[in-house]
Amino acid sequence: MAFKQVSSPHAHGAQNTAKVMQLVVWATIPGLIALTWHFGWGSFINVILASITAVVSEALILKMRRRPVGFYLGDYSAVVTAVLLGLALPPLCPWWVVVVGTLFSVVIAKQLFGGLGYNPFNPAMVGYVVVLISFPIEMTTWVAPLALLPDGITHPDFLESLKLVFFSTSPMDGVTGATPLDSFKHAAGLTVDQIYQQDSLFSQAMFAGVGWEWVNLGFLVGGIVLLGSRVFTWHGPVAMLVTLALMSLIFWDSGSSQSPGSPLMHLFSGASMMGAFFILTDPVSSAVSNRGRLIYGALIGILVYIIRAWGNYPDAVAFAILLANFTAPFIDNYTLPRTYGHTDRRKATERLEDK
Amino acid sequence: MRQTWVTPGGVHPPENKLQSLTQPIGSLPIPDKLVVPLGQHIGAPAIACVSVGDKVLKGQKIADPAGTVSAAIHAPTSGIISAIESRPVAHSSGMDALCVEITSDGDDKWIEKSGISDFEHTSAKALLSIITEAGIAGMGGAGFPTAVKLNPGFQRPIDTLIINATECEPYITADDSLIRERAEEIIEGIGILSHILGNPHNILIGIEDNKPEAIEALAPHTQDTGINVVSFPTKYPSGGEKQLIYILTGKELPSGQIPADIGMVCVNIGTTHAIKRAVVDGEPLVSRVTTMTGEACEINRNYDVLIGTPVEHMLEHNNFDAQSCSRVIMGGPMMGFSLTSKQIPIVKTTNCILAPSVEEIPHNEPAQPCIRCGMCAEACPVSLLPQQLLWYSQAEDHERLEAHNLFDCIECGACSYVCPSNIPLVQHYRSSKSDIKKAQEEKVKSTQARERFEFRQQRIELAEKEREAKRAARREAAQQAQASTGTDAMADIIAAAQARAAAKTTSPEQELAKLQRAVSSAEMRVEKAQVKLDAALENAEPTEKINILSAALSGAQQKLEKAKVRFAEHPN
C-alpha cells in the first residue's frame, strides 16, 4: 500500500461537513430552549417531526436517485434543514403542515435540484413559504408567550401538545396571541409609545417583545458560537443586522403613528437573529466572497425591513432570503476578491478578448 | 525588529518537526548503485558526457548543461557507469526519465578540488560559471538553475536579496538542521551571492519563528554583515516565494513577473550552502541534506544524502515498516508527491522523505459535494475563490477559470487541507491548468494552420489573377492589331493563300494526259520485263535471276493495273 500515487496535499484538517452541520444543529439549542420556555412544547415537536420526515424522505429520494444513502445522510444536511424549518414554523401547528413543509424542503427544493450543494434556494425557507402561502390560517396562529397567558392557564404539557398537533382540527383557544410584528402592523393610528403602553406584549417586555426578545437572544448566542468556530464569517449576518437597524432608524419617524417600529424591536423580533445567523449563512444559496456576502446580507436587511414595514406578510425573513438567493450568482460575478499580484479586482464575466 | 507583513489566509497544520531534530545530520553508507537523473532542475535535461563502462571519480561531471536554462550533473561517488537508461524518477506524474547509473567502488574518491579563497576579487561572471559548472539548482523545491537566477541583466538592478529559510511545510527540518550546524558556511555563501549581485542594499534571511535554534545559530555570523535575519509567525505557506516577498517587504510580485522584475532575488538557504561549497571548496553539488521522517520509519532524522541514492536505501536504513505506512512522500505533506516506486532516487530538490503511518496521514476519504462554505477562500494565501474555481473546473469553463485567476494558484494545498468535504481541490486545478494550456497550444496550432491555409488560398488566387491578366492582355493586343490593320489586309491574306493553293493544282486535261502517260509507260515497263524474263527462261539462267525477273514483271503489272484504275477513275 505504501507506493501509490496520491495527489497532494496529503495532510488534511480535522474539519468535515458532518461536524459543521452537527455544530449548526447544536447551536440552535439556546433558541429552541427559549422558544420552548416561552411558547411551550410546540417548537420541540416541530423539530422532531420535521427531522424524522426529512431523514426518511431524503433516504427515499437518495434511493430513487441511486446514490449511497448512508454516505449522503451522514452529512446531516437534511437534519439541519429540518431543524431550521421546525424552529420557523408556529408552535403547535398541525402535523401535516410540518410534514408538507419538510417534504417540500427536502424533496423539491434540495434533492430535485441535485442534492446538497446544488440547491439555488434555501430549502428550509422554500418549505416555509410553501406552507405559509398554502395554509395561511395555520401558519399565522401563534401561541401566546407564557408571561401573557391569563392567570391559571399554562401551555399544554408535552402529551397534550402532541394530541393537539396530531388530532386537533381547529386552532386551540385561549393560548394564541399576536406576535410583536403583527401588533405593529395592526395598530394603525397609534404612536409607538401608545402601542408600547397598551399592548402587554411590549409593556411587560424588557426591550423588544415578551418572549421574542429571549428567542432572538437565544439565536444570537448560538450564532456567536458558530461565528467563533468559524463555520461562517461575520460578513453576512453583520451586514443584515446593521442594515436592518439602519433602515428602522431612518424610518423611525420619531415614533409617530406611521413608524414601523424601533431598531431594537426589529432586531429582536420575528426571525431576525435566526435569519441572520442560521438562514442567510447557508453557504450553498448565498454569495461566496466576503464582499459578496456583505452585499447579500445588506440586501436581505433592506428587504426584511421593506416587507415588514410595507408588505402584506409579517414573515419577512423567509421572503427576503429567497429573493436574495436569486441575486447571489449575480453578486458573485462582480465581487471577486483582488488576487495577489493583481492591481484590480476582476469580474467573473470578463472575457479573454477584453484584456 | 524589522517590520513584517501578514499574508491573507494560510493554515496551521501540526508541525511535526521535533521528531527529526533530536539527532544531528547523519550520513548513510554509500549504496551499491546510485541512479542520477539527468533532469533534476527546471529547464532542459543535461546531456550525458560519459558512456557505460567509464570509470568516474566523485564530483566528476557526468552530464553537461543543455543550453542556458539547465544544470550540470556530477558523479555522487566514485565508481563505474553501469547504465544510461530510462528509470522511474521523482516526478508527480510517476514518469520515467533518462538516468545515469553508477556502480559504486566504495572508495568515494574525490576529483581534484580547486576552490577559490578570495571570491571578492573574482568577477561575477567567473563565479557564475563556477556555479553553473557545479550544477547548482534551487534546492527548496522548484530546482531553478541558480546561475540563471543570479544573472538578471543590467536592466534589472537588484536591491534586495532574500534568503528563504522559512521551511513552512510540516515535518521538514532539512534547512533548520543545516542552519544549526553550518551557519558559517551559509553566511559565506550569502556573501558570494551578494558579491555576484553587486552587493544589494537589503539582504534578508526570512525564517519562521518556530526555529529559534537556527535563528540563534545565525546570529553570531550575521553581526555587522548587513545581513538581516527576519523571523515572522509560523503559518503555512509563508515559504512560497510570493508570500515570503510580501511578508518581508510588503510588496507583491505582479502576476506573471519574476522577482528580478521588482529588483529582488530569492534563493533557498540550502542553495547558499551549496554555492559556498562549490566556490570556496570546489565541490560540485553531489549531496544534500534530506529529512527522513514519519511514523512508518523507526529513526527520524536528517541525513547528508548522496544525490542518486534510491529511496529504498534510505528507508531500509531507518527500519521502514511498509505495513503501517499509508504512502511514501517525497517532500512535505502539503506539496510533496507520493512515490510510485522505491527505486526512485534522491535528487537535488529532495528536502524530505516522509513515510507516515496510516494514523498519521489516513487514506483519502471520498469527497462530498461542495457546500461553498468558503473555508477554502479563508485559507487561500493569494485570495482566490477556490470553491468557484472548483465549480468552473468541473464545468470546464476555461474563460471563467481565467477570470478567477486560476493561474495565480500556487498549489499550496491550503484549500484542500481545510475543505470539510474532502474535495481534492488542487488536483482539479492542476488538471484544469493543463487542459487550458493544451487548449491554448491547440488554438495556436489551429490559428497557424488557418493562416497557412488562407495564405495558400490567397497565393493561388493571386496566381490565377495574374494568368487571367496575361490572357486578357494578349487578347487585347490581338484585338488592337486587328483594329489597326482593318479588313483589306485580311482580304489580301486570303487572296494570297488562295493563289498559293491554285498554283499547286493543275487543270483536269493536264491531269488526264498525265495519267495516260503513266499507263503507257507502265505498259512499256511490263513489256520490257516480259522480254527479259522470256530471254532468261530461254537461256536457262539460274532460278534466282528468273525469280527476280518474274517478281519485277509482276510488280510492273501491278503498277500498270493501278495506273489503269486511276485513269479509269478520273472524272473525264
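Sequence lines set the chain letters: A, B, ... in the order given, protein chains first and strands last, and positions in each chain run from 1.
The part of Asp332(A) that comes within reach of chain B is its side chain, from C-beta onward, which places non-hydrogen atoms under 4.5 angstrom from that chain. With a 4.5 angstrom heavy-atom cutoff, Ser341(B) touches chain A only via backbone atoms. Residue contact with chain B, scored on non-hydrogen atoms closer than 4.5 Å, involves the backbone and the side chain of Arg338(A) alike. Of the two parts of Gln368(B), the backbone and the side chain both hold a non-hydrogen atom closer than 4.5 Å to a non-hydrogen atom of chain A. Only the side chain of Ile329(B) has a heavy atom closer than 4.5 Å to any heavy atom of chain A. Using a 4.5 Å cut-off between heavy atoms, Val20(A) contacts chain B through its side chain alone, with no backbone atom that close. Using a 4.5 Å cut-off between heavy atoms, Asn290(A) touches chain B through its side chain atoms alone. For a residue to count as touching a neighbouring chain, one of its non-hydrogen atoms must lie under 4.5 Å from one of that chain's; by this rule Ser286(A) touches chain B with the backbone only. For chain B, no part of Lys19(A) is nearby; none of its heavy atoms comes within less than 4.5 Å. Contact annotation for Glu378(B): only side-chain heavy atoms (C-beta onward) come within less than 4.5 Å of a heavy atom of chain A. Contact of Ile262(B) with chain A is not made at all, since no heavy-atom distance falls under 4.5 Å. Looking at Pro254(B), both its backbone and its side chain come within 4.5 Å of chain A, counting heavy atoms on both sides.
The environment of CZ in Arg230(A) is sparse: at most 12 heavy-atom neighbours from other residues, nucleotides or ligands sit within 6.0 Å.
The two residues Ala367(B) and Phe71(A) come nearest to each other via the heavy atoms O-CZ, 3.6 Å. Here the closest non-hydrogen pair linking Gly413(B) and Pro9(A) is O-CG, 3.4 Å. Looking at every heavy atom in both residues, Arg372(B) comes nearest to Val284(A) through NH2-O, 3.2 Å. Smallest separation of non-hydrogen atoms from Gly117(A) and Trp391(B): O-CZ3, 4.1 Å. Nearest approach of Thr339(A) to Glu252(B), heavy atoms of both residues: O-OE1, 4.4 Å. Between Pro283(A) and Cys373(B), the shortest heavy-atom contact is CB-CA, 3.5 Å.
Counting heavy-atom pairs closer than 4.5 Å to chain A, the top-ranked of the candidates Pro366(B), Pro424(B), Pro170(B) is Pro366(B). Among Cys412(B), Cys419(B), Ala355(B), the residue with the largest count of heavy-atom pairs under 4.5 Å with chain A is Cys419(B). Among Gln427(B), Arg400(B), Met375(B), the residue making the largest number of heavy-atom pairs under 4.5 Å with chain A is Arg400(B). Top candidate by heavy-atom pairs under 4.5 Å with chain B, chosen from Ala11(A), Ala18(A), Gly114(A), Ser285(A), is Ala11(A). Options Gly336(B), Ala296(B), Cys380(B) differ in how many heavy-atom pairs under 4.5 Å they form with chain A, and the most are formed by Gly336(B). The candidate from Asp75(A), Thr343(A), Val288(A) with the greatest count of non-hydrogen atom pairs under 4.5 Å with chain B is Val288(A). If you tally non-hydrogen atom pairs under 4.5 Å between each of Glu411(B), Met335(B), Glu365(B), Lys242(B) and chain A, the highest count goes to Lys242(B). Annotation: maximal heavy-atom pairing with chain A below 4.5 Å, among Leu384(B), Leu401(B), Asn422(B), Val418(B), occurs at Asn422(B).
Arg430(B) and Ser8(A) share a side-chain donor-acceptor pair at under 3.5 Å.
A perpendicular orientation is assigned to the rings of Tyr340(A) and Tyr246(B), their planes being inclined by more than 60° (bins at 30° and 60°).
Distance check, rounded to the nearest 0.5 Å: NE2 of His12(A) to CE of Met334(B) gives 9.5 Å.
Looking only at side-chain heavy atoms (C-beta outward), Met21(A) and Ile371(B) come within less than 4.5 Å of each other.
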